[in-house]
Amino acid sequence: MAGIGSSGRDGFTSKFGIIAAAAGSAVGLGNIWRFPYVAGDNGGGAFLLFYLLFIVVIGVPVMLSEFTIGRRAQANPFGAFMKLKRGKPFVLVGIMGIVAAFFILAFYSTVAGWTLEYVYLSVSDAFNGKSGGEISEMFNGFYTSTWGPLSWQLIFMILTAFIVFAGVQKGIEKYTKILMPMLLVIILVLCVSSVSLGENVDPETGKVIGSSWDGLKFLFYPDFSKINAEAILAALGQAFFSLSIGMGVLITYGSYIGKDNNLTSTAVQVSFADTLVAVLAGVAIFPAVYHFGMSPEAGPGLVFKVLPNIFQAMPGGYIFAILFFLLLTIAALTSSISVLEVVVASMVEELKMKRVPATVIAASAITVFGVLCTMAFGELSSFKIFGKNLFDLFEFTASNIFLPLGGLLIVIYLGWFMGKKEVLAEISNEGTIKARLFGVILFIVRFIAPVAIAFVFLNGLGVFGFEATGG
Ligand code: TRP
């Protein structure tokens with residue numbers, strides 16, 4: 001059967017299946033919820049520029065390295081480094097990956113719970129006739145409460161666990177192929193609606209409240225006075241988070257990819273699709289933010305406060321809102337299953353557990369962390385470590401510390417320890433396809449990517465002590 005890995009492990013059946021599953025992992029809340037809010041917090045255009053730069057010089061190489069390692073070893077991140085020559089010390093990637101998976105899924109399920117609430121609110125037409133201020137207050141009232149957010153989070157975790165039981169092929173491939181293109185279409189419609197909002201003039205005073213053009217300017221015009229070392233680290237963290245790299249998700253997925261797939265082009269295509277969705281989400285959000293006179297620095301609530309306003313202003317907004325939040329939840333699911341899959345695959349293959357109990361145990365343990373993240377905005381909001389509540393702390397440590405460190409180890413392994421011949425054999429499908437850019441790829445993986453990650457990482461944590469003050 002085409003696409004089944006040589007060792008007979010569960011595999012992806014078609015070329016589109018692989019891309020759909022990897023893109024399904026990459027495209028999620030990271031693009032639509034996180035990208036706009038992190039870009040908004042870090043100055044917009046200049047942040048976007050660093051983000052795009054990091055996708056090209058770091059993201060694609062790390063993604064290709066993960067695919068290569070996973071398919072070579074036919075194993076989860078732990079097993080992979082145990083099996084591969086000179087890989088043992090790199091098992092650290094697997095260990096950090098599990099910790100990162102816990103942190104990521106904890107806050108991810110909180111936000112996915114919010115999206116579920118927004119599916120419900122859209123269906124019940126709750127935004128109808130509400131002012132921008134009232135819509136913001138609706139979000140504030142909801143996410144600081146206890147039982148609503150917790151119930152949705154639990155539902156989301158159960159859905160995630162349920163899909164992971166079903167196994168790779170049936171669980172992942174079937175849904176992503178149709179639904180992700182649909183989501184893309186809706187986002188395009190939102191972009192058009194948001195940009196065409198135009199200028200917003202107060203009918204009573206005649207004063208201009210804001211214009212959608214200023215939103216485009218915010219997103220695309222790089223104002224370097226707004227950038228500093230921390231913002232650059234945030235761009236790196238966002239690139240890693242959005243591409244699902246640095247914690248071994250794509251090592252695990254690589255092990256399911258057929259031997260005849262061109263890994264280099266898969267990595268390029270997935271990265272391109274993911275980046276496109278993020279930038280389009282920005283185009284959908286920021287013009288509306290400016291039109292309605294809101295602040296781009298609204299933090300994690302940004303899209304939930306902005307989008308209902310666009311839906312209200314557009315024809316057919318009721319239906320679009322429902323479809324959008326539903327598809328966003330599904331996009332979140334195809335990402336969350338990939339995170340849980342790493343933990344489960346590691347437990348099944350390394351601890352010889354059965355798939356179902358492994359899934360139940362992993363999902364339950366993660367839910368405990370998830371509950372803490374959700375409550376970080378309510379009951380536990382005064383509980384802070386390093387000035388961050390638990391949600392922010394998990395989000396920061398996972399994206400800006402664990403993922404870049406994992407990515408650093410991954411490129412160092414591929415570039416310096418795996419052996420050039422072995423890397424070439426895997427990337428060229430044992431010599432059956434030409435790896436024309438191999439020299440360039442190897443150079444980036446050996447030198448550019450590790451140096452760039454290390455520099456941005458240490459600089460962002462203030463190690464060099466010349467943190468720019470940023471205008
Ligand atoms: N990339 C996903 C998103 O943008 C989230 C995600 C899935 C992820 N798997 C991951 C992030 C692995 C980091 C590592 O929504």
Side-chain angles (χ1 to χ4, degrees), residues 20-39 51 54-55 58-59 62-63 65-67 70 76-77 93-94 96-115 156 160 163-164 172 176 179-180 183-184 187 235-254 267 270-282 300 303 327-346 362 366 394-407 409-410:
S25 167
V27 175
L29 297 171
N31 310 61
I32 293 158
W33 157 73
R34 197 173 191 274
F35 171 76
Y37 111 68
V38 178
Y51 170 73
F54 293 152
I55 296 278
I58 299 174
V62 174
M63 187 180 287
S65 303
E66 288 204 26
F67 285 156
N76 64 77
V93 173
M96 290 197 312
I98 300 287
V99 180
F102 269 70
F103 286 9
I104 288 173
L105 211 44
F107 72 80
Y108 209 80
S109 56
T110 297
V111 180
W114 299 347
T115 15
F156 182 80
T160 302
I163 299 174
V164 171
I172 303 170
T176 41
L179 298 171
M180 291 306 104
L183 180 62
L184 187 65
I187 294 172
L236 182 72
Q238 177 58 23
F240 271 85
F241 185 84
S242 193
L243 295 175
S244 298
I245 54 177
M247 60 161 276
V249 163
L250 299 181
I251 293 181
T252 311
Y253 274 28
V270 171
S271 303
F272 178 79
D274 184 72
T275 309
L276 182 72
V277 175
V279 174
L280 290 177
V303 294
L327 288 171
L328 181 56
T329 308
I330 293 165
L333 267 175
T334 59
S335 302
S336 64
I337 54 180
S338 73
V339 182
L340 188 58
E341 174 68 28
V342 175
V343 183
V344 171
S346 303
I366 289 169
F394 284 178
E395 203 193 344
F396 182 89
T397 351
S399 318
N400 296 0
I401 297 179
F402 281 113
L403 297 183
L405 279 183
L409 290 176
I410 287 166

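All ligand and atom numbering here is 1-based and tracks the order in the structure. Just so it is clear, the values below take in all heavy atoms, side chains as well, and ignore hydrogens, waters and symmetry mates.
- Residue L243 has no N or O atom closer than 3.5 Å to an N or O atom of ligand 1.
- With hydrogens left out, the protein atom closest to atom 1 (N) of ligand 1 is F241 O, 2.7 Å, a heavy atom.
- The contact set between ligand 1 and M247, taken as ligand atoms under 4.0 Å from a residue heavy atom, comprises 12 (C), 14 (C).
- Taking every heavy atom of S338 and a limit of under 4.0 angstrom, the matching atoms of ligand 1 come to 7 (C), 9 (N).
- Here the side chain of T334 pairs a donor or acceptor atom with the backbone of G24 at under 3.5 angstrom.
- Residues M247 and L403 form a side-chain contact, since some pair of their non-hydrogen atoms from C-beta on lies under 4.5 Å apart.
- Taking any N or O of A26, backbone or side chain, at least one lies under 3.5 Å from an N or O belonging to ligand 1.
- Within the listing of ligand 1, atoms 13 (C) sit less than 4.0 angstrom from a heavy atom of L403.
- Judged purely by atom type and a 3.5 angstrom limit, W33 uses its side chain to pair as donor or acceptor with the backbone of P300.
- Between G30 and ligand 1, at least one N/O pair is under 3.5 Å apart.
- Contacts with ligand 1 closer than 4.0 Å are made by no heavy atom of D274, backbone or side chain.
- Of all protein heavy atoms, the one closest to atom 6 (C) of ligand 1 is S244 OG, 3.5 Å.
- For the pair Q238 (side chain) and S399 (backbone), a donor-acceptor distance under 3.5 Å is absent.
- Given atom 12 (C) of ligand 1, the protein heavy atom at minimum distance is V249 CG2, 3.4 Å.
- Residue contact check for ligand 1: Y108 places a non-hydrogen atom closer than 4.0 Å to it.
- Note: F103 and F394 have parallel aromatic rings, judged against thresholds of 30 and 60 degrees for the angle between ring planes.
- In this structure, the side chain of S242 does not engage the main chain of A26 through any donor-acceptor pair within 3.5 Å.
- Short contacts between ligand 1 and N31, defined as distances under 4.0 Å to a heavy atom of the residue, involve ligand atoms 4 (O).
- Backbone and side-chain nitrogen or oxygen atoms of L29 are examined, and one is located within less than 3.5 angstrom of a nitrogen or oxygen of ligand 1.
- Two residues are said to be in side-chain contact when any heavy atoms from C-beta on lie closer than 4.5 Å; V99 and F402 meet this criterion.
- Within the 4.5 Å cutoff, side-chain heavy atoms of T275 are placed close to those of Y51.
- For S244 (side chain) and S25 (main-chain N/O), a donor-acceptor pair under 3.5 Å exists by modelled atom type.
- Residue nearest to atom 2 (C) of ligand 1, selected from G28, S25, G24: S25 (by heavy-atom distance).
- Applying the 4.0 Å criterion to heavy atoms of S242 picks out, from ligand 1, the atoms 1 (N), 4 (O).
- At a threshold of 4.5 Å between non-hydrogen side-chain atoms, the residues I58 and I245 do not count as touching.
- Taking every non-hydrogen atom of V339 and a distance limit under 4.0 Å, the qualifying atoms of ligand 1 come out as 7 (C), 9 (N), 10 (C).
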